[in-house]
Structures are given as structure tokens and as C-alpha cells.
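Just so you know, these numbers use all the heavy atoms, side chains as well, and skip hydrogens, waters and symmetry mates. What you are looking at is a predicted structure, and each value in this text was computed from that prediction instead of being measured. If you read the sequence from its start, that first residue is 1, and numbering goes on from there. First listed ligand is number 1; within each ligand, the first listed atom is number 1.
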Amino acid sequence: MQKGKLVVYTGYSGVGKGTIMKELLRLDDSIRLSVSCTTRSPREGEREGIEYYFVDKERFEQLIEDDGFLEYAQFCDNYYGTPEKAVDEMLEKGLNVFLEIEVQGGMQVMEKRPDCVSIFITPPSFEELEKRLRGRGTEDEATILKRLSRAKEEKEFEKYYTHKVLNDEPSRAAREIIDIIHS
Ligand code: 5GP
């Protein structure tokens with residue numbers, strides 16, 4: 001069986017990656033989303049093993065030592081990482097596996113797996129990004145400011161991604177991404 005594609009899927013906090021991802025999963029049954037480990041606390045409604053595996057710092061550091069991650073990074077005071085074994089098992093089954101990860105992790109994956117597809121989701125503008133981040137109401141003011149300043153740093157990494165997709169409308173962006181991964 002032909003192996004699936006590994007897709008590095010990145011975009012600033014608040015850009016709408018999650019909404020596009022829901023569309024992708026609804027429209028294309030070859031797509032799977034890798035579930036990451038994080039030391040961040042669950043947001044309301046987030047479930048263990050669905051959005052993330054929520055672990056403490058000691059457990060995360062043990063997993064780093066055991067070489068369990070395809071990539072990992074620190075983002076705004078927390079660790080985030082992709083469990084490698086689960087990803088490879090899905091790829092072997094011919095599934096297209098999306099890693100919804102930030103730029104430091106994205107760069108690690110591009111280096112380790114040069115055959116991956118890299119996609120960066122961009123907002124119509126930074127003003128629009130701020131509006132969306134505030135509008136979703138999941139973060140306090142200090143966290144919002146940290147995430148906006150982080151977005152400006154992440155902009156430097158956009159150029160390393162092969163595909164940039166504008167999130168002007170989530171279902172349109174999802175269709176563009178489906179075309180990219182099947183081309
Ligand atoms: P959030 O706290 O909003 O869920 O995620 C914060 C950032 O971490 C987002 O940009 C998200 O894509 C990224 N992220 C989530 N999981 C991983 C991961 O496993 N590795 C890396 N490097 N980034 C991740």
C-alpha cells in the first residue's frame with residue numbers, strides 16, 4: 001500500500017486552523033489529525049486524547065528522554081510535542097496525517113522528513129487576527145498579548161513553507177488544502 005502524506009500544518013494562534021481542520025476532516029476521509037501532548041491546561045470542553053494528551057512537565061520531559069517525539073517545542077510557557085509512533089502507524093495505513101504545530105516544530109519536521117508537505121495558514125490581516133483571537137474568548141488578556149507578539153515572530157518562518165493558504169473563508173481554504181495534498 002502507498003504510504004500517506006505527512007502534512008505540517010501551521011498558522012498563528014487565532015487564525016482559524018481548528019475551524020479549517022474540522023472542514024478537512026468532514027470533507028476528506030483520507031485525512032487524520034495527529035493528537036499532540038501538551039503541558040498546557042485543558043480549555044473548557046477539551047477532552048483527553050481528543051484535542052490533546054494533557055501531561056505534566058515531568059512526564060513530558062520523560063517522553064523527550066525516551067525519544068518519543070517526532071518534534072517538540074515550547075510555546076508561550078508550555079511544551080507541545082508530536083508522538084512519533086502514532087503518526088507513523090497512520091502513514092503506513094495510507095492516511096494523510098496533519099500535524100497542527102507551531103513553527104519551531106514545523107522546522108524540525110521539514111528537516112527530519114523532507115518529503116513532508118508544508119502548509120502555512122495566513123490571516124487576511126493582523127488586525128483581523130487580533131479580532132478573532134479576542135472574539136473566541138478562550139484566553140485572558142496577558143495570554144492574548146503574548147500570542148499576538150508570538151505571531152509577529154512566527155511571520156519570519158512563513159517563507160520556509162511550500163504552500164501559503166489564506167483563511168478568507170474556512171471551507172474555501174479547506175478545499176484549497178485538499179487540492180494541495182492530492183496533487
Ligand atoms: P494551543 O495552546 O492554542 O492549543 O496551541 C498553541 C500552539 O501550539 C499552536 O500554534 C499549535 O498549533 C501548536 N501546537 C500544538 N500541538 C503541537 C505540537 O505537538 N508541536 C508543536 N511544535 N506545536 C504544537
Side-chain angles (χ1 to χ4, degrees), residues 6-22 24-25 31-57 59-64 66-88 90-91 97-113 116-123 126 129-130 132-158 160-161 164-165 167 170 173 177:
L6 181 61
V7 183
V8 175
Y9 175 71
T10 299
Y12 314 124
S13 195
V15 77
K17 297 186 293 291
T19 311
I20 299 173
M21 196 63 228
K22 282 199 191 107
L24 288 168
L25 292 168
I31 294 177
R32 293 291 183 282
L33 176 62
S34 153
V35 179
S36 297
C37 292
T38 183
T39 57
R40 141 164 110 54
S41 317
R43 293 187 188 124
E44 209 177 308
E46 284 185 333
R47 297 144 299 170
E48 169 68 17
I50 307 287
E51 280 79 14
Y52 282 108
Y53 296 106
F54 296 98
V55 299
D56 61 18
K57 193 161 170 265
R59 173 83 185 123
F60 199 100
E61 287 172 348
Q62 185 61 50
L63 287 164
I64 297 175
D66 297 345
D67 212 15
F69 292 120
L70 170 57
E71 62 71 37
Y72 71 91
Q74 272 187 304
F75 178 90
C76 295
D77 308 329
N78 284 298
Y79 276 127
Y80 295 81
T82 303
E84 185 157 27
K85 191 164 164 267
V87 168
D88 284 329
M90 290 188 281
L91 292 172
V97 182
F98 277 60
L99 310 180
E100 193 178 318
I101 61 180
E102 51 67 71
V103 294
Q104 304 162 73
M107 299 306 295
Q108 292 171 44
V109 178
M110 287 181 223
E111 190 134 305
K112 269 176 117 169
R113 309 273 179 112
C116 71
V117 177
S118 57
I119 300 177
F120 202 104
I121 308 296
T122 62
F126 266 89
L129 184 72
E130 179 164 358
R132 288 185 194 175
L133 200 49
R134 289 185 189 288
R136 78 180 183 188
T138 49
E139 271 86 15
D140 59 30
E141 183 63 18
T143 308
I144 290 172
L145 293 177
K146 214 179 256 180
R147 284 178 176 239
L148 284 171
S149 108
R150 179 77 199 146
K152 292 195 170 129
E153 290 165 23
E154 289 196 329
K155 188 156 177 42
E156 292 305 307
F157 290 84
E158 243 183 72
Y160 299 111
Y161 286 69
K164 281 103 184 150
V165 174
N167 184 17
I177 292 168

Visitor: Within 45° of the ring axis of Y9 and under 6.0 Å from its six-membered ring centre, is that where the NZ or CZ of K17 lies?
Guide: no
Visitor: Are the aromatic rings of F126 and Y12 close, with centres under 6.0 Å apart?
Guide: yes
Visitor: Taking all non-hydrogen atoms of both residues, which atom of E102 and which atom of A73 are closest, and how far apart?
Guide: OE2-CB, 3.2 Å
Visitor: For the residue pair F69 and F60, does the interplanar ring angle fall in the parallel (under 30°), tilted (30 to 60°) or perpendicular (over 60°) class?
Guide: parallel
Visitor: Indicate the atoms forming the closest heavy-atom contact of F120 with V103, along with that distance.
Guide: CE1-CG1, 3.9 Å
Visitor: Under the rule for salt bridge (charged side-chain N to carboxylate O under 4.0 Å, His left out), what residues qualify as partners of R113, not counting sequence neighbours?
Guide: E84, D88
Visitor: Can you tell me which residues line ligand 1 if we count any heavy atom under 4.0 angstrom from one of its atoms, in chain and number order?
Guide: K17, S36, R40, R43, Y52, E71, A73, F75, Y80, G81, T82, E100, I101, E102, G105, R147
